[in-house]
2 protein chains.
Amino acid sequence: MKGDWTESFLGTRNLPRRVRDKLLHEARVVSYKQGQQVFGPDNIPDSLMFLHAGRIRVSQSSDAGREIVLYRVEAGESCVLTTACMLSEEAYNAEGIAETDVTAITLPKTSFDRLAAEEDSFRGFVFSAYSRRLIDLLRVVDDVAFGRMDVRLAERLLALGEGHSEIQATHQALANELGTAREVVSRILNDFQKRGLILQTRGRITLRNKPQLERLANSA
Amino acid sequence: MKGDWTESFLGTRNLPRRVRDKLLHEARVVSYKQGQQVFGPDNIPDSLMFLHAGRIRVSQSSDAGREIVLYRVEAGESCVLTTACMLSEEAYNAEGIAETDVTAITLPKTSFDRLAAEEDSFRGFVFSAYSRRLIDLLRVVDDVAFGRMDVRLAERLLALGEGHSEIQATHQALANELGTAREVVSRILNDFQKRGLILQTRGRITLRNKPQLERLANSA
DNA sequence: TGCGTTAAGTGACATTGTCACTGAAGAGTG
DNA sequence: CACTCTTCAGTGACAATGTCACTTAACGCA
């Protein structure tokens with residue numbers, strides 16, 4: 001049972017077996033059901049988390065109830081925001097929600113420190129996790145500060161419809177992805193529909209003209 | 001001459017003398033004049049930078065020429081964005097400008113790795129630098145995605161006028177801080193002036209009613 | 001079938017962003 | 001000083017986005 005996910009865990013990151021074994025030796029396995037909150041303002045973890053399976057959506061929400069997705073943590077990645085918070089002891093109002101059922105391993109801070117000291121590859125893994133998130137956030141800032149909403153929405157639709165053309169998502173959910181209001185999404189989607197780019201029914205969107213949507217998405 | 005800045009460098013971060021000495025032994029000193037670009041899309045550094053004196057403004061700019069300040073690096077801090085970029089090999093369009101004359105030390109990647117392995121305090125310093133930036137960026141996202149422009153502008157004015165009440169800044173400069181357009185800043189400042197909160201002359205703003213500005217800034 | 005719940009539409013209005021200008025203040029020069 | 005040049009700021013019209021207070025539509029289910 002253990003060898004099962006030992007095999008796959010962090011496999012893509014090329015951590016040597018020795019490091020993986022060390023890591024697993026000190027770690028605890030945790031799991032969350034889809035929809036559960038993994039961390040949040042009232043739920044600050046005291047250990048470092050590495051995702052084994054599933055996906056976590058990290059988003060930030062405003063006092064007024066609006067919401068924006070910052071990035072997603074996929075299997076094999078580490079969730080550095082919790083780390084960041086632990087280390088800097090500052091408040092933040094981001095939260096992580098399990099988008100699928102999730103299993104992860106957590107590492108107590110002391111173990112984290114020791115591993116980081118002893119193992120170059122582990123340290124590199126953590127640094128590069130930080131870097132990736134930093135870059136993700138730069139992208140979010142760029143989008144929000146300078147991007148047009150129709151363009152961003154087109155991007156999201158294409159991402160969600162990759163491989164197929166049917167998207168299950170309410171306008172509200174899309175608004176929460178982009179950090180805007182439902183009404184804005186409705187307006188833009190209605191415009192898309194009038195232009196023949198999509199087709200809408202309750203809770204579902206069909207992409208009718210991907211090339212055109214791509215042109216729109218790339219006209220940023 | 002060396003003892004001079006050895007003393008002050010990273011002093012506030014409580015790095016032990018031994019670590020400082022190691023660090024300084026392998027480092028090169030670099031300096032920039034006020035206004036010079038320290039790093040940017042066409043100018044990606046290949047080593048890690050730690051700021052000794054001065055201040056660096058890190059901002060991101062859009063294709064359309066708009067600009068937003070992400071954060072500032074102060075003396076004693078490290079500029080992790082360059083690190084992030086180095087490590088993740090991804091493109092980003094942020095740049096760092098020396099806001100004052102700047103001296104910094106740079107550490108080749110190999111030295112960085114070794115120090116991070118050998119010295120807990122150095123590693124902690126770097127991790128916490130990352131964390132702080134991550135949190136800074138969360139704040140920026142929050143502001144841009146959910147904040148009102150008048151509130152954000154009031155905040156900036158108060159920050160710039162801390163300790164005194166005279167601010168030297170053009171509307172364009174303030175717009176670049178906040179990631180908006182000059183016209184928007186002009187509008188809001190004119191409104192502030194009508195309400196008696198400030199007084200404007202060319203290139204200069206006088207804060208006339210800080211308490212009221214604070215109330216506005218905190219009404220986010 | 002009717003009911004309750006959730007999703008989406010609507011119109012009016014406020015805020016912010018964009019554009020194409022005009023006007024005003026200071027710097028330098030003869 | 002008067003004259004230019006440059007930079008800074010003001011303006012009005014319009015577009016895009018955000019907010020509010022609703023209404024209408026679709027679905028799930030008793």
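All chains are named by letter (A, B, ...) in the order of the sequence lines, taking the proteins before the strands, and each is independently numbered beginning at 1.
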Short N/O separations, protein against nucleotides 25-29 of chain C, under 3.5 angstrom:
residue : atom : partner : partner atom : Å
dA25(C) : N3   : R202(B) : NH1          : 3.1

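- For the pair F39(B)/V58(B), a side-chain contact is recorded, criterion being any heavy-atom separation below 4.5 Å from C-beta on.
- In this structure, K194(B) has no side chain to side chain contact (heavy atoms under 4.5 Å, CB included) partners at least two apart in sequence or on a different chain.
- Every side chain to side chain contact (heavy atoms under 4.5 Å, CB included) that T180(A) has, sequence neighbours left out, goes to M149(A), A175(A), L178(A), V184(A), V185(A).
- Atoms CD (Q193(A)) and P (dA7(C)) sit 18 Å apart, rounded to a whole Å.
- For R148(A) and dT16(C), the CZ to P distance is 18 Å, given to the nearest whole Å.
- Distance H171(B) NE2 to dT16(C) P: 16 Å, rounded to the nearest Å.
- In this structure, L153(B) atom CG and dG17(C) atom P are separated by 12 Å, rounded to whole Å.
- Residues that satisfy the side chain to side chain donor-acceptor pair (under 3.5 Å) test with D191(B), not counting sequence neighbours, are R195(B).
- What separates CE of M149(A) from C1' of dT16(C) is a distance of 12 Å, to the nearest Å.
- Side-chain contact between L138(A) and L137(B): present, with at least one pair of heavy atoms (C-beta onward) separated by less than 4.5 Å.
- With sequence neighbours excluded, the residues that form a salt bridge (charged side-chain N to carboxylate O under 4.0 Å, His left out) with R123(B) are D120(B).
- For DNA chain D, the contact window with chain A, defined by any atom under 4.0 Å from a protein heavy atom, covers dA16(D) to dC27(D) in 5' to 3' order.
- Under the rule for a salt bridge (charged side-chain N to carboxylate O under 4.0 Å, His left out), R208(B) has no partner lying at least two apart in sequence or in another chain.
- Going from atom CG of D150(B) over to atom P of dG17(C) covers 11 Å, rounded to whole Å.
- For E99(A), the side chain to side chain donor-acceptor pair (under 3.5 Å) test picks out R55(A), R57(A), R72(A), with sequence neighbours left out.
- For residues 178-187 of chain B, proximity to DNA chain C is found at T180(B), E183(B), V184(B), R187(B), defined as any non-hydrogen atom under 4.0 angstrom from a strand atom.
- Partners of R156(B) according to the salt bridge (charged side-chain N to carboxylate O under 4.0 Å, His left out) rule, which considers only residues two or more places apart in sequence or in another chain, are E177(B).
- In this structure, R202(B) has no salt bridge (charged side-chain N to carboxylate O under 4.0 Å, His left out) partners at least two apart in sequence or on a different chain.
- Residue N190(B) contributes atom CG, which lies 16 Å from atom C1' of dT16(C) at whole-angstrom precision.
- With rounding to whole Å, Q168(A) atom CD is found 17 Å from dT6(C) atom P.
- Under the side chain to side chain donor-acceptor pair (under 3.5 Å) criterion, Q200(B) pairs with H171(B), N190(B), Q193(B), sequence neighbours left out.
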